[in-house]
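The figures that follow rest on heavy atoms only: side chains count, while hydrogens, waters and symmetry mates do not.
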Amino acid sequence: MRTIAARFSPYLWRRTPINSQPQRFSTSSFGRDEQSIEQEAERKVGWLLKLIFAGTATVIGYQIFPYMGDNLMQQSVSLLQVKDPLFKRMGASRLARFAIDDERRMKIVEIGGAQHLLNMLESARDDRTRKEALKALFAISKSGQDSNLSAN
């Protein structure tokens, strides 16, 4: 009595597929067969799903980002306290980007960002770190009145 693997081995280890040529049952007058129409439909559905996903991600991002603002500011201020100059520069550049209006600038000052930037400026050993600290301090020191004057 042969085992199951021995009985089906000619079928399992065959190198050429059984039906190697696709069968065409119908063709249109424009030369497009059913398979190419299906592939085009799958491609269009794929793009539709990608667009739906991107739109959903964008809407969710716009809903969640305002709640993350204070957390990100606090994390940026805590990056200023790390010993590594790279992290200090990252924290300072993030604070400079957050300081776009008076309300956010005041929030940065309230959580101690300005004082930590001054400490960072004083204790920095390289010029790039000092430069980032100065950029962030400059961004925080701007006010709404200054931007109104520069717009005129």
| note | Tightest non-hydrogen contact, residues Leu137 and Ala114, listed as CD2-O, 4.0 Å
| field | Lys88/Asp126 salt bridge by N-O under 4.0 Å criterion | value | no
| note | For Ala96 and Ala136, the nearest pair of non-hydrogen atoms, with its separation, is CB-CA, 3.8 Å
| Just how far is it from atom CE of Met73 to atom CD of Glu110, taken to the nearest 0.5 Å? | 10.0 Å
| request: Have a look at Leu80 and tell me which of Met120, Glu132, Met90, Arg89 forms a side chain to side chain contact (heavy atoms under 4.5 Å, CB included) with it. | output: Met120
| Between the side chain of Arg105 and the main-chain N/O of Ala139, is any donor-acceptor distance below 3.5 Å? | yes
| message | Hydrophobic clusters here meaning ILVMFWY residues chained together by side-chain heavy-atom distances under 4.5 Å, can you tell me if Leu118 and Val82 are in one? | response | no
| query | Where do Pro85 and Thr129 come nearest, in terms of heavy atoms and distance? | reply | CB-OG1, 3.6 Å
| field | Gap separating the CG atom of Leu117 from the CD1 atom of Ile140, nearest 0.5 angstrom | value | 5.0 Å
| Distance from Leu95 atom CG to His116 atom NE2, nearest 0.5 Å? | 10.0 Å
| message | Please say yes or no: joined through hydrophobic side-chain contacts below 4.5 Å, possibly via intermediate residues, are Phe98 and Ile100 part of one cluster? | response | no
| Path from Met106 to Ile111 over hydrophobic side-chain contacts below 4.5 Å | no
| Can you tell me if Arg104 uses its side chain to pair, donor with acceptor, with the backbone of Ala99 under 3.5 Å? | no
| request: Give, for atom OG of Ser78 and atom CZ of Phe87, the distance between the pair rounded to the nearest 0.5 Å. | output: 11.0 Å
| request: Can you measure from OG (Ser36) to CZ (Arg43) and round to the nearest 0.5 angstrom? | output: 10.5 Å
| task | Please list, chain by chain and in numerical order, all residues satisfying side-chain hydrogen bond (donor to acceptor under 3.5 Å, both in side chains) with Lys44, sequence neighbours excluded. | result | Glu40
| query | Hey, does Arg94 have a side-chain heavy atom less than 4.5 Å from the side chain of Gln75? | reply | yes
| To the nearest 0.5 Å, what is the distance between CZ (Phe53) and OG1 (Thr58)? | 9.5 Å
